[in-house]
Every structure is written in C-alpha cells, then in structure tokens.
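These notes concern the structure reproduced below.
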There are 2 protein chains.
Amino acid sequence: MLYLVGLGLGDADISEASKDVLKKCDVVMADGYTASISAKKMETVLSISSKEVEMLDRHAMEEGISKILDKASSSDVAIVTNGDPLIATTHKTILIEAKRRKIGFKVMHSTSIFSVAIAESGLDFYRFGPICTIARWSEHYKPVSFYETIAKNVSGNQHSLVLLDYDSVKNESMPIQEALGILSSAESHYKQGLITTDRKIGILCDLGTEKQRIEYSKFGKINKRLNYTMATLIFPSNPTDIEADYIKMYERE
Amino acid sequence: MLYLVGLGLGDADISEASKDVLKKCDVVMADGYTASISAKKMETVLSISSKEVEMLDRHAMEEGISKILDKASSSDVAIVTNGDPLIATTHKTILIEAKRRKIGFKVMHSTSIFSVAIAESGLDFYRFGPICTIARWSEHYKPVSFYETIAKNVSGNQHSLVLLDYDSVKNESMPIQEALGILSSAESHYKQGLITTDRKIGILCDLGTEKQRIEYSKFGKINKRLNYTMATLIFPSNPTDIEADYIKMYERE
C-alpha cells in the first residue's frame, strides 16, 4: 500500500489521520523534489514515524518510481509532501503506475495554497478565472504567457491567483523585486495596460504559516521590502462591497 | 481573540495546531450554518476542548455577530467550521467586523473541497475555469446560470468544477438524480449541446473522507445508485495524455 501524505502549509498542519498513517507505515520517504519541506516539518515526521526517512530527489521521484513501488507492493510505504499532495504531475504519474501494478494507494490531504489563497484573499471563489504561474526567466527562456491569462481574467471581470516560481535549491519563491520586474517586462511585451502604477495587487506571503502577511497595494506602491519564503499574487477584478471591505483590512497606502 | 478553526473534510483531519487552539480557548462554538459538521467531528471537538460547545445557527452567525465578538473582546473564542474556513461570506463578514472593533483574529486552515477536488480529479489545476454551483430548484426559482459557466469553460478548453447545493437540514448535497434532472432541464433551456449522452462527467463523492468514491462516465451511463453525503461534479475539457490516463483509473463503462 502506498500513501501520499500531505504536511500542509503550516508547521503543525499535519492531521490526526496522517499521524496514524506515519506510525503504521513500514517505510517513510519524503518528496524533496516537487516542493521543499521545512526542517520543523521533517523533525515532526521523524518523531512521529520513529524511523529513518529517505529524502527523494527528482531522479528518485521520476526514474526511480519502480523502486518505490517495489517496496509498496510488499509493505506500507508513505511519501510525505509539502502542502496538499496530488497537485504535482509527478504524484499523478506515481499513482497511475501504482494502479497499473495493482498496488493500493491513498492520499492523505492537508492545507493547500489554492484554498488558503482564495480564502485569505477575501475574494469570492466563483469569481476566480484560471490560475497561472510566473516562471523564472533565464537568458534564453522568458515566458510571459501568464500575462495573457491575467488579462483575459480582468477582461471577464474575474480575479486572478498567480503563483510565483519556486527555487527548490534556495527554498524560496521568486523575490518580490524579480516578480515585479517580470510583470513590467511582460507589459512592455503585450502593451495592453494590465500593469500600470495604479493596478491594485495583493501579495500574500507565507500563507497558512505563523509568518503569514498580506498586503494589497497599487503596483506603483508595492512594499519592496517584503521578505518571505513563499508568496502568491492576487489580481482582483472589480470587487463587490464585501470583497472591497475585506481588501481594505490589508491595504497599504 | 477570535479563531476560525477548520475541521476539514475527513473526520480526523483536524491539525495539531488547531487542537492546541481548542485546548487554550475559553469559549468554543460551532458553525452549524454555513456547512454541517459530522457527529464524529463534534465528538472530537468536545473531547479536545473539554467544554460545552454552543451550536450557532444562521441567526447567531449573522444577526448575532456582536454577541460573539463581545466574548472575543475579552477572552479567546474559537468557532469551529467544516472544511476550510473563510470561503463562506458569513465568515468574512465576521472578520471584517472583528477588525473594525480591533479584536485580533486568526484562521486555522484545514483540508478543503477546492484543493481536494482539483487534486483527486487528476486534472491540471491551471486548466480549470471558474467554479460554479448547481442550486436547488423551487417552484418559482429555477436557476440555470451554471450552464453558462460550464459552456464557456468547455469552449475555452477549460475544466469545470461544479459544486452541488447543500441541504443543511438533511445534511446532504443534492442527490445525483436531482442534479442530472437539473442538468437536462438546463440543456433544454440553452440548447447548446453541452449535456449530451456522450458528455463525460466525473462524480466525486465524499472527497477526503473514508467513503471517498470517484466515477467518470458518460452522461447517459451515470451510475444512478451513487449514495453520498457530499458530491462534486467535474466536466473535463479535452484531457492531456496524463489527465486521460488518470481519468481511466476511475472510468465506468
């Protein structure tokens, strides 16, 4: 049996049910590839499971699937992951392969950036358009397609949830200065007037953790000193009265 | 201080952090209005908090806000809710009013239908269009606007997550027969060819609980014997290869 066990966003988000799974599993491994797990969370996993926990890198999670499934075919194996599992394609591939090999599996869910960002943004869930990600730029790869998603959402009066690319080596999402630079460059590329000094944006830092901090401000006045491990941006469309009241709680002049 | 404490979807989803909050709070209340809390979860809350837990109805959660906030101004008050808090407008209104009265608040997150449905559907998160709800029909109120949302998502090659209206008295979401009937009636109204016998639909029952069951099938072949407390529908657009492989695991001929 294979368990994908979500550790959630906060350091103490692990559920009662997941603790029971970690206690009973013969083998516990940690997904160090699709997202990084904090030292505090790893300590908790070690202490609950009372066994050595192997850290899985990209190679182990992709080319090494069959080694993991060999173990799961004869014993109870848990892979702990940050946040809510099964959002990453890698996790889906593992379960598809488990099913093909007739190995049972179960996903233990936890707190998730999708739900927490929508909740803490104060905006109505049914008014969000498709989610997008601002990816890191390199010399030869400068993707700006997120701009099209946000612009389309804005034109349809829908809110946008924008993830920032994650650097698993540095264990941090894109710094605010870098994100603002890419947004400005995308504006120069498309010139549709999406990124203007007056565009209101929400910056949701370290959601669901003790360090959570939310700021809504105009693009031209964004707090450039924001320090975070993980941040998510919100582009609100025209807010309803209650949405506007909620945003005001976090507004920065 | 006011805490909104999410109990999640499964009976044992409560987090370590939330247990600590329930232990230290002077007053614990339960939101019996925006969603129903299972007997098993209530037992857990009573046993962790070791105090009487007042059940709040619509009146207490809306007209009665100031009574709740009076308590929170001088002591630590927790309101437990099903799933992840702060999705319901009622919760946002309470926090806006708390802020106005300078009462501190904190939201303790948990597993959420949004994240779990996207995860368990096997479909890519960035390919989902806006979420919608199929509301119950009465003699004089027969809303069909969900059809427009789904049709627009389909035409943009986006997936749809469709919630079913919840009956807090019966403690169950709309039975499958009723949902299929409303879908067919909406098709008769719009006649855009969205609901056909060949349209593939996912029915995700009791997600994140011990009773979780997922079935993908053509509209004309949907399993009418599905029994559930809460269900969510998925209208997939054209799947990618991995999405198609994932869907196959739950396909019903």
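Worth saying up front: this structure is predicted, and the values here are computed from it rather than measured. Below, chain A is the first sequence line, B the second, and so on; all start at residue 1.
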Quick one: which of [options] has the most heavy-atom pairs under 4.5 Å with chain B, could you say?
options                                  : value
Leu161(A), Leu123(A), Leu207(A)          : Leu123(A)
Ile118(A), Val107(A), Leu9(A), Val116(A) : Val116(A)
Gly156(A), Gly122(A), Gly129(A)          : Gly122(A)

For the residue pair [X] and [Y], establish whether any side-chain heavy-atom pair is separated by less than 4.5 Å.
X         : Y         : value
Leu163(A) : Ile131(A) : yes
Val162(A) : Phe235(A) : yes
Leu194(B) : Ile150(B) : yes

Between Gly208(B), Gly10(B), Pro85(B), Ala119(B), which residue shows the highest count of heavy-atom pairs closer than 4.5 Å to chain A?
Ala119(B)

Taking every heavy-atom pair that is under 4.5 Å apart, which of Gly6(B), Gly83(B), Ala12(B) has the most such pairs with chain A?
Ala12(B)

With only heavy atoms counted, which part of Ile113(A) is less than 4.5 Å from chain B, the side chain, the backbone, both or neither?
neither

Across chain A and chain B, what donor-acceptor pairs are shorter than 3.5 angstrom?
unit_1    : atom_1 : unit_2    : atom_2 : d
Ala12(A)  : O      : Glu16(B)  : N      : 3.3
Ala12(A)  : O      : Ala17(B)  : N      : 3.0
Ile14(A)  : O      : Glu16(B)  : N      : 3.3
Glu16(A)  : N      : Ala12(B)  : O      : 3.3
Glu16(A)  : N      : Ile14(B)  : O      : 3.3
Glu16(A)  : OE2    : Lys19(B)  : NZ     : 2.7
Ala17(A)  : N      : Ala12(B)  : O      : 3.0
Lys19(A)  : NZ     : Glu16(B)  : OE2    : 2.6
Asp84(A)  : OD2    : Ser115(B) : OG     : 2.6
Lys92(A)  : NZ     : Leu123(B) : O      : 3.2
Lys106(A) : NZ     : Glu210(B) : OE2    : 3.0
His109(A) : NE2    : Glu120(B) : OE2    : 2.7
Ser112(A) : OG     : Ser115(B) : OG     : 2.8
Ser115(A) : OG     : Asp84(B)  : OD2    : 2.6
Ser115(A) : OG     : Ser112(B) : OG     : 2.8
Glu120(A) : OE2    : His109(B) : NE2    : 2.7
Leu123(A) : O      : Lys92(B)  : NZ     : 3.2
Glu210(A) : OE2    : Lys106(B) : NZ     : 3.1

Go through it in stages, so that I can follow the logic: the residues are Ile214(A) and Ile203(A), the test is side-chain contact (heavy atoms from CB on, under 4.5 Å), and I'd like the CA-CA distance, side-chain angles, deciding distance and then a yes or no.
CA-CA 6 Å; Ile214(A) 298 171; Ile203(A) 306 173; over 6 Å; no

Test of understanding: with ring pair (Phe, Tyr, Trp, His ring centres under 6.0 Å), list the residues that count as partners of Phe114(B), not counting sequence neighbours.
Phe125(A)

